[in-house]
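The structure under discussion appears below in the form of structure tokens.
Every heavy atom of this structure was used, including side-chain atoms; hydrogens, water molecules and symmetry mates were not.
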Amino acid sequence: MKAVQLGFLLLVVFCTSSQQLSKPGDPTYMAAVVEHKEAEGSSARQRASFASASFQKLIKDAGDVDIIVFPEHILNSRDTATFVPHESENVTPCYQTDYELFLIELSCSARSNGLYVVINVVEKELCANGVGSDALTPCPATGVRYFNTNVVFDRRGKVISRYRKSHLWRHEYVEISVLRTPDLSTFTTDFNVTFGHFICFDMLFYDPAVKLVSELKVTDIVYPTYWFSELPFLGAVQLQEGWAFGNDVNLLAADASQPDGRTTGSGIYAGRGGRLVAEIFEEPTTKLLISEVPKKEFGQLKPTFSPLFTPELKTQRVTGVATFKDYNVDIFESELLEDDFLNVERKLCHNSFCCSFSIARKVTTSSEVTSIDAKSYRYRIAAYWGNETTVIRVDRTEQATCALFACTNEDITSCGYIFPEFEEVINKHHFTELHISADFPAAPRGRRLIMPSTLNALFLPVSVSEFDWTESPEASPNPDKPILVDMNLLKAQNDLLTFAIWANYFTDLPSSHNLDHLHPNYTVPSTSGSSGIFIPSILCLFICLFLLL
């Protein structure tokens, strides 16, 4: 009997210890994000099955982590859309059969491996006969609408949070619905961290992304994405690290991996402590990125030490990632710097907004042999403040920007491009000093995010230990005041594509995307009801006519 009791006790201890790695009082937790390539298969169901099997293996392979995050758009499609229970329903799909098989499988995987799992799915919802959520789009004739949705499972596989994407990529609006009032979705873990979460393009808007931080005081963010990088300011890791820095929050970002389609770049970031781990891939890749993450309540993580600088004529660079180009930089106030400049002191103004630049370079000497046709980047400095810009040509934006960015020649239209792989590129000079400062205007609507935006030839940001950033007064608690921001390079750099202060003022200007239902004065047509209402009405009319005849 005692042997049985002892065996039972050991089993209880084993199961308990395997279900929770980090404790509430621990200063850190363990997190994993997944960069994942497109699923294989000749049909939607085969691709969903392939992705589910891959996700389950990655959950198992993650080992001793508390939470794992998967990217947007990889798991399923509209053809395999699933119902998703709201967290208030206390549903564990592993114990039920009312959902698509992949949702059940991943619920079971979260439970059997004892960790929090965040996935992104195409969700379906019944909306006929007046049921369903309050969305901008009328209920389709099919009686079913679709959402781009995050689902969070706890360690027992229960759905504890659901978030529906608020800001869609342009073509998504044709098939995906948006709630009239955006979700503010959070979940609290057993290791005493409350996470907020949103999806991809949401990062460039105040509601819900910044609202989670500024109003709900959330310190840790989960971020599935399928990001299309745009140069010079909105590369995937560039934006992730800058956004985490500007808000000073932990960020777990999982991106899909299709580099020739402009999509790659995942990482884990510790706010102003910088990136803990992040990677860009030039080939479609599926990879776990794992890091210990400091809990914000235990204080700021100090930036990591970086190795000593060595001037290099040729440096490794990323050329296998396709990117969009920001076509708005031509309306910035900009100045082309001389090809061989060594020192520049400038004040550049766009209307009343002025940026001060102090830049120094040295000639890079090397015994390396280069061809006579070797290329080097040209540089422009630029200033801009206004709302005549867009983000990736999808939505309107209001921004204030002070920037140095690279161009492939002296023409402004070449800025935002990189030299292709077949070109030999050399650093004839290296940057030894780079200082940018400006008074950023107050935000009359109380909505503003000021962040660094930097990028090197590896498509990674300059490490936060290699530049100094000061705000006077502190930006976050003072949106109604002008803020003096100074950004100063601390360590010399061989290759820079971007070094900028980028501020988002979150415009109120609407984007209707040329879609009827997004126009402000749009009214639902009287015939837009579901087929469940329309077809019986027609049938009744025919019956009445038959009886009259």
Y116 and F153 aromatic centres sub-6.0 Å: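 No, ring centres 6.0 Å or more apart.
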
How about W243 and F205: are their ring centroids closer than 6.0 Å? no

Going by distance alone, is a donor N or O of one side chain under 3.5 Å from an acceptor N or O of the other, for [X] and [Y]?
| X | Y | value |
| --- | --- | --- |
| S52 | Q56 | yes |
| Y206 | E215 | yes |
| N328 | Y384 | no |
| N148 | E172 | yes |
| W502 | Q399 | yes |
| S177 | T137 | yes |
| S511 | D395 | yes |

Note, [X] side chain near [Y] side chain (heavy atom, < 4.5 Å):
| X | Y | value |
| --- | --- | --- |
| P461 | P452 | no |
| W385 | T401 | no |
| V321 | F459 | yes |
| L460 | L455 | no |

Would you call [X]-[Y] a salt bridge at under 4.0 Å N-O?
| X | Y | result |
| --- | --- | --- |
| R180 | D134 | yes |
| K165 | E123 | no |
| R162 | E87 | no |
| D66 | R155 | yes |

Extract all donor-acceptor atom pairs below 3.5 Å that involve side chains of residues 225-241 and protein atoms in other chains or at least two apart in sequence.
unit_1	atom_1	unit_2	atom_2	d
T225	OG1	W227	N	3.4
Y226	OH	E38	OE2	2.5
Y226	OH	Q258	OE1	2.7
W227	NE1	L234	O	3.0
S229	OG	A236	N	3.0
E230	OE2	I392	N	3.3
Q238	OE1	G235	N	2.8
Q238	NE2	P232	O	2.9
Q238	NE2	S453	OG	2.9
Q240	OE1	Y269	OH	2.6
Q240	NE2	G265	O	3.0
E241	OE1	R275	NH1	2.8
E241	OE2	R275	NH1	3.3

Hey, could you give me each pair passing ring-ring contact (aromatic ring centres under 6.0 Å, His included) that has a residue in residues 31-68? Not counting sequence neighbours. H36-F55, F55-F70

Not counting sequence neighbours, list each pair that qualifies as a ring-ring contact (aromatic ring centres under 6.0 Å, His included) and has a residue in residues 74-96. none

Working for side-chain contact (heavy atoms from CB on, under 4.5 Å), residues N247 and L449: CA-CA 7 Å; N247 285 293; L449 176 63; 3.6 Å; yes

Taking atom [atom1] of [X] as the centre, does the number of heavy atoms from other residues, nucleotides or ligands within less than 6.0 Å exceed 12?
| X | atom1 | result |
| --- | --- | --- |
| K37 | NZ | no |
| D64 | CG | no |
| E283 | CD | no |

Indicate yes or no for a side-chain donor-acceptor contact from E125 to the backbone of S133 under 3.5 Å, with no hydrogens or angles considered.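 Flag set: sc E125 to bb S133 pair under 3.5 Å.
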
Non-neighbouring partners of A503 that pass side-chain contact (heavy atoms from CB on, under 4.5 Å), sequence neighbours left out: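 Checked A503 against side-chain contact (heavy atoms from CB on, under 4.5 Å); matches are A400, F440, I450, Y505.
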
Kindly determine whether T323 and I418 satisfy side-chain contact (heavy atoms from CB on, under 4.5 Å), including the steps that lead there. CA-CA 9 Å; T323 60; I418 64 167; 5.9 Å; no

Suppose we screen for ring-ring contact (aromatic ring centres under 6.0 Å, His included). Which residues come up paired with F187, at least two apart in sequence or across chains?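 Applying ring-ring contact (aromatic ring centres under 6.0 Å, His included) to F187 gives F195, H197.
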
Quick one: does NZ or CZ of R447 land under 6.0 Å from the six-membered ring centre of F506, within 45 degrees of the ring axis?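 Negative - R447 is either too far from the ring of F506 or too far off its axis.
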
Test applied, side-chain hydrogen bond (donor to acceptor under 3.5 Å, both in side chains); reference residue, Y163; option that passes from N150, D202, T149: D202

Is there any side-chain hydrogen bond (donor to acceptor under 3.5 Å, both in side chains) pair reaching into residues 259-268, and which pairs are they, with sequence neighbours excluded?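 Qualifying pairs: E35-T264, E35-S266.
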
Pair T194, T188 - check side chain to side chain donor-acceptor pair (under 3.5 Å), show working. CA-CA 4 Å; T194 296; T188 300; 2.8 Å; yes

